[in-house]
Engineer: 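Take a look at the following structure, please.
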Amino acid sequence: MTRPALPVLAALALVAGLTVAAPSQAADGARLFNLQCKTCHGAKSTPMGPALAGVAGADIAGREDFTYSAGLKAKSGTWTDAALDAYLAKPMAFAPGTRMMVAVPNAENRAAIVTYLKTLK
Ligand code: HEC
């Protein structure tokens, strides 16, 4: 996969109204994120939820500007693709006691959202 080029291609695809196979995943992810995540996850952390810029690859519950639940803090490791997928599939199963209740049951939608999360810097 040509990861670094995806956001650029996705932006171009959006502008041009093209439907290109690979970049549409990031575009779908952006759309899903805006619908399902943005109310709680903005550019800055708020009591509603932590900012997600740079979350892919970062420490789980690692931000200084957000007070996480004990459940999420108890998880060690980093947000790999697999960890993000598992958390979004069933937050309470991944991190019992987490305060995030929103799940994304559809695997394709989760993959699109994870692809999009990687573009958040
Ligand atoms: C109703 C508010 C709300 C919505 C909607 C929401 N979240 Fe969250 N999210 C939270 C809260 C609160 C936390 C912190 C959970 C904790 O401390 O247990 C969190 C944590 C996270 C984390 C871990 C962040 C970190 O720094 O470790 C990720 C990743 C995440 N959310 C992704 C998403 C995605 C993707 C969506 C959309 C599908 C979403 N969230 C929708 C409230 C929300």
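Every number for a ligand or one of its atoms is a count from 1 in the order of the listing. Quick caveat, the model's predicted, so the values are computed rather than measured.
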Engineer: Sort out for me which residue in Leu117, Ile60, Ile113, Thr78 forms a side-chain contact (heavy atoms from CB on, under 4.5 Å) with Leu84.
Structural biologist: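 Going through Leu117, Ile60, Ile113, Thr78 one by one, the side-chain contact (heavy atoms from CB on, under 4.5 Å) with Leu84 is satisfied by Leu117 alone.
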Engineer: Who's the nearest protein heavy-atom neighbour of atom 22 (C) of ligand 1, and how far?
Structural biologist: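 Sorting protein heavy atoms by distance from atom 22 (C) of ligand 1 puts Tyr87 CE2, 3.6 Å first.
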Engineer: Looking only at heavy atoms, is any part of Pro50 under 4.0 Å from ligand 1, and if so is it the side chain, the backbone, or both, or is it neither?
Structural biologist: side chain
Engineer: Identify, by atom number and element, the atoms of ligand 1 in contact range of Ala61, meaning under 4.0 Å from any of its heavy atoms.
Structural biologist: 25 (C), 27 (O)
Engineer: Residue-level breakdown please: for Thr98 versus ligand 1, do any non-hydrogen atoms fall below 4.0 Å on the side chain, on the backbone, on both, or on neither?
Structural biologist: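 It is both parts that get close, each with some atom under 4.0 Å.
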Engineer: Can you name the nearest heavy-atom pair linking Phe94 to Ala86, along with the distance?
Structural biologist: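 The answer is CD1-CB, 3.7 Å.
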Engineer: Rounded to the nearest 0.5 Å, how far apart are CG of Leu88 and SG of Cys37?
Structural biologist: 7.0 Å
Engineer: Would one find an N or O of Arg99, backbone or side chain, under 3.5 Å from an N or O of ligand 1?
Structural biologist: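 Checking ligand 1 against Arg99, an N or O pair does fall under 3.5 Å apart.
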Engineer: Which heavy atom of Trp79 sits nearest to which heavy atom of Asp59, and what is that distance?
Structural biologist: CD1-O, 3.9 Å
Engineer: Quick check: does His41 put an N/O/S atom under 2.8 Å from atom 8 (Fe) of ligand 1?
Structural biologist: yes
Engineer: Measure the distance from atom 36 (C) of ligand 1 to every protein heavy atom, then report the residue, atom name and distance (to 0.1 Å) of the closest one.
Structural biologist: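 Result for atom 36 (C) of ligand 1: Cys37 SG, 2.7 Å.
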Engineer: At a 4.0 Å threshold, what atoms of ligand 1 neighbour a non-hydrogen atom of Val104?
Structural biologist: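 Near Val104, the atoms of ligand 1 are 38 (C).
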Engineer: Does Gly71 have a non-hydrogen atom less than 4.0 Å from ligand 1?
Structural biologist: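 Distance cut 4.0 Å: Gly71 fails for ligand 1.
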Engineer: I'd like to know if the side chain of Tyr68 and the backbone of Arg63 have a donor-acceptor N/O pair within less than 3.5 Å.
Structural biologist: yes
Engineer: Starting from atom 14 (C) of ligand 1, which protein heavy atom do you reach first, and at what distance in Å?
Structural biologist: Phe66 CE2, 3.6 Å
Engineer: Looking at every heavy atom in both Ala112 and Gln25, which two are closest together, and how far apart are they?
Structural biologist: CB-O, 3.5 Å
Engineer: How close does the nearest protein non-hydrogen atom get to atom 26 (O) of ligand 1, and which residue and atom is it?
Structural biologist: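 Residue, atom and distance for the closest contact: Tyr68 OH, 2.5 Å.
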Engineer: Measure across Val104 and Gln36 and return the closest heavy-atom pair with its distance rounded to 0.1 Å.
Structural biologist: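 Of all heavy-atom pairs spanning Val104 and Gln36, the closest is CG2-OE1, 3.8 Å.
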Engineer: Of all the atoms in ligand 1, which lie at a distance below 4.0 Å from a heavy atom belonging to Gln36?
Structural biologist: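 That gives atoms 5 (C), 37 (C), 41 (C) of ligand 1.
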Engineer: For atom 23 (C) of ligand 1, what's the nearest protein heavy atom and its distance?
Structural biologist: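 Of every protein heavy atom, Trp79 CZ2, 3.5 Å lies nearest to atom 23 (C) of ligand 1.
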Engineer: Looking at non-hydrogen atoms alone, which of Gly54, Ala95, Ser69 comes nearest to atom 18 (O) of ligand 1?
Structural biologist: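 The option holding the nearest heavy atom is Ser69.
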Engineer: For atom 28 (C) of ligand 1, what is the closest protein heavy atom, and at what distance to 0.1 Å?
Structural biologist: Leu52 CD2, 3.7 Å
Engineer: Under a 4.0 Å N-O cut-off, is there an ion pair linking Lys118 with Asp81?
Structural biologist: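 Salt bridge: yes.
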Engineer: Is the shortest N/O to N/O distance between Leu117 and ligand 1 below 3.5 Å?
Structural biologist: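 Looking only at distances, the answer is no, because the N/O contact criterion of under 3.5 Å is not met.
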Engineer: Could you pull out the closest heavy-atom pair between Pro105 and Arg110, with the gap in Å?
Structural biologist: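 Smallest interatomic distance, heavy atoms only, reads O-NH1, 3.0 Å.
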Engineer: Taking 4.0 Å as the limit for heavy-atom contacts, which would you say applies to Leu32 with ligand 1: side chain only, backbone only, both, or neither?
Structural biologist: neither
Engineer: Just need the protein heavy atom nearest to atom 1 (C) of ligand 1, so name the residue and atom and give the distance.
Structural biologist: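 That would be Cys40 SG, 2.7 Å.
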Engineer: Determine whether Tyr87 and Met100 make a side-chain contact, defined as any pair of heavy atoms from C-beta on separated by less than 4.5 Å.
Structural biologist: yes
Engineer: Please write down residue, atom name and distance for the protein heavy atom closest to atom 29 (C) of ligand 1.
Structural biologist: Leu84 CD2, 3.6 Å
Engineer: Sub-3.5 Å donor-acceptor pair from the side chain of Ser45 to the main-chain atoms of Ala51, do we have one?
Structural biologist: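 Such a contact is found between Ser45 side chain and Ala51 backbone.
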Engineer: Please report the shortest heavy-atom distance between Ser69 and Leu72, naming the atom on each side.
Structural biologist: OG-N, 3.1 Å
